[in-house]
Amino acid sequence: AESLPMQVTRRVVRRCVLADTLSDSIHITGESHDGLVELCEATRSGDDSFAVVAYDGQGPVERIVIRSNRSVSSKARGVTVAGGVDITVERNEIERSAAAGINVASEPSYRTMPSSRVTVTDTVVGPAHLRAEGRVTGLSFVGDVPSGSKPHAQISLPAGAWTRQGDLNNGSPVPNV
């Protein structure tokens, strides 16, 4: 099956249960804005459990809240933000993801845009990044930024916002932006 990107505005996805998907369980893209995903559970997602992604050539995905969700045993990340602006990730639980629990990135191989004004609070991650032979990564900021793009800006991690996290940014300091 092929999916086509489309713009979705002012929508709520609430109280859903997804299991054994072949790709992202919930994938928000295509200049979508003003959305809420809450009280959902994604188990054994084929890729990321919850993804906010804007590709080059599209406008950003804006003002999305990912709140009070649970991700268990995703084959990639619990939550990914790539090309999101004014994104809030709060009060989520992420367990046993194959890659980082939460990933804020621009991925040149997928031609995604950089993210800005991403806030992550009150989120439990652990264990995560199980493909890394026991290494646990709670939050990953990927530094690969396409030529000519601006790096991530205004990523907020309030003090005390994390519990049970492993290392941040794969052992490197979290960037001051």
Side-chain angles (χ1 to χ4, degrees), residues 3 5-14 16 18 23-42 45 47-71 74 76-94 97 99-108 110-125 128 137-146 149-163 165 168-170 174-177:
S3 61
M6 66 176 70
Q7 181 181 19
V8 178
T9 62
R10 293 182 291 280
R11 296 291 182 236
V12 174
V13 177
R14 183 179 287 136
C16 60
L18 304 125
S23 57
D24 295 345
S25 288
I26 295 179
H27 185 95
I28 301 168
T29 190
E31 298 181 28
S32 297
H33 59 88
D34 301 298
L36 170 66
V37 177
E38 73 174 348
L39 301 170
C40 294
E41 181 164 329
S45 299
D47 196 9
D48 301 330
S49 289
F50 304 97
V52 175
V53 181
Y55 299 97
D56 287 343
Q58 298 177 344
V61 176
E62 300 178 288
R63 297 177 303 280
I64 303 294
V65 177
I66 307 292
R67 177 173 54 216
S68 300
N69 300 290
R70 188 162 186 251
S71 167
S74 69
R77 287 76 54 114
V79 176
T80 288
V81 179
V85 176
D86 295 318
I87 307 300
T88 301
V89 178
E90 62 185 6
R91 296 191 308 262
N92 296 286
E93 295 179 18
I94 300 164
S97 59
I102 295 178
N103 184 49
V104 178
S106 175
E107 300 172 306
Y110 292 103
R111 297 180 33 224
T112 62
M113 298 173 59
S115 297
S116 63
R117 298 189 302 273
V118 177
T119 302
V120 179
T121 58
D122 300 322
T123 293
V124 177
V125 177
T137 303
L139 178 64
S140 175
F141 291 88
V142 177
D144 295 333
V145 179
S149 295
K150 295 180 181 178
H152 312 299
Q154 298 177 3
I155 296 175
S156 171
L157 294 170
W162 287 83
T163 58
Q165 84 274 19
L168 295 179
N169 199 31
N170 299 321
V174 174
N176 292 323
V177 290

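Y110 and Y55 make their closest contact through O-CD2, 3.3 Å (heavy atoms, listed as atom of the first residue, atom of the second, distance). Contact detail for S74 and S97: the closest heavy-atom pair is OG-CB, 3.4 Å. In plain terms, the two heavy atoms of E31 and V61 that are nearest each other are N-CG2, 4.3 Å. Nearest heavy atoms, C40 versus V37: SG-CG1, 4.2 Å. S49 and S71 get closest at one heavy-atom pair: OG-OG, 2.7 Å. Considering every non-hydrogen atom in both T29 and V53, the closest pair reads OG1-O, 2.7 Å.
Annotation: salt bridge (charged side-chain N to carboxylate O under 4.0 Å, His left out) contacts of D47 (sequence neighbours excluded): none. Listed by chain and number, the residues in a side chain to side chain contact (heavy atoms under 4.5 Å, CB included) with L36 are V12, R14, E38, V65, R67 (sequence neighbours excluded). Scored by the side chain to side chain contact (heavy atoms under 4.5 Å, CB included) test, S68 finds L39, R91 as partners (sequence neighbours excluded). In this structure, the side chain to side chain donor-acceptor pair (under 3.5 Å) partners of T80, at least two apart in sequence or on a different chain, are D48, R77.
With V79 as the partner, the side chain to side chain contact (heavy atoms under 4.5 Å, CB included) test is satisfied by one option alone out of T123, V120, N103, V89: V89.
If you take CD on E62 and OG1 on T9, they are separated by 12.0 Å, rounding to the nearest 0.5 Å. The distance from atom OG1 of T88 to atom CD1 of I64, rounded to the nearest 0.5 Å, is 10.0 Å. Summarising the geometry, atom CZ belonging to R63 is positioned 6.5 Å from atom CG belonging to D86; distances are rounded to the nearest 0.5 Å. The distance from the CD1 atom of I66 to the CG atom of N92 is 7.5 Å, given to the nearest 0.5 Å.
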**Message:** side chain to side chain contact (heavy atoms under 4.5 Å, CB included), that's the test. Do S115 and V52 meet it? Break it down for me.
**Reply:** CA-CA 10 Å; S115 297; V52 175; over 6 Å; no

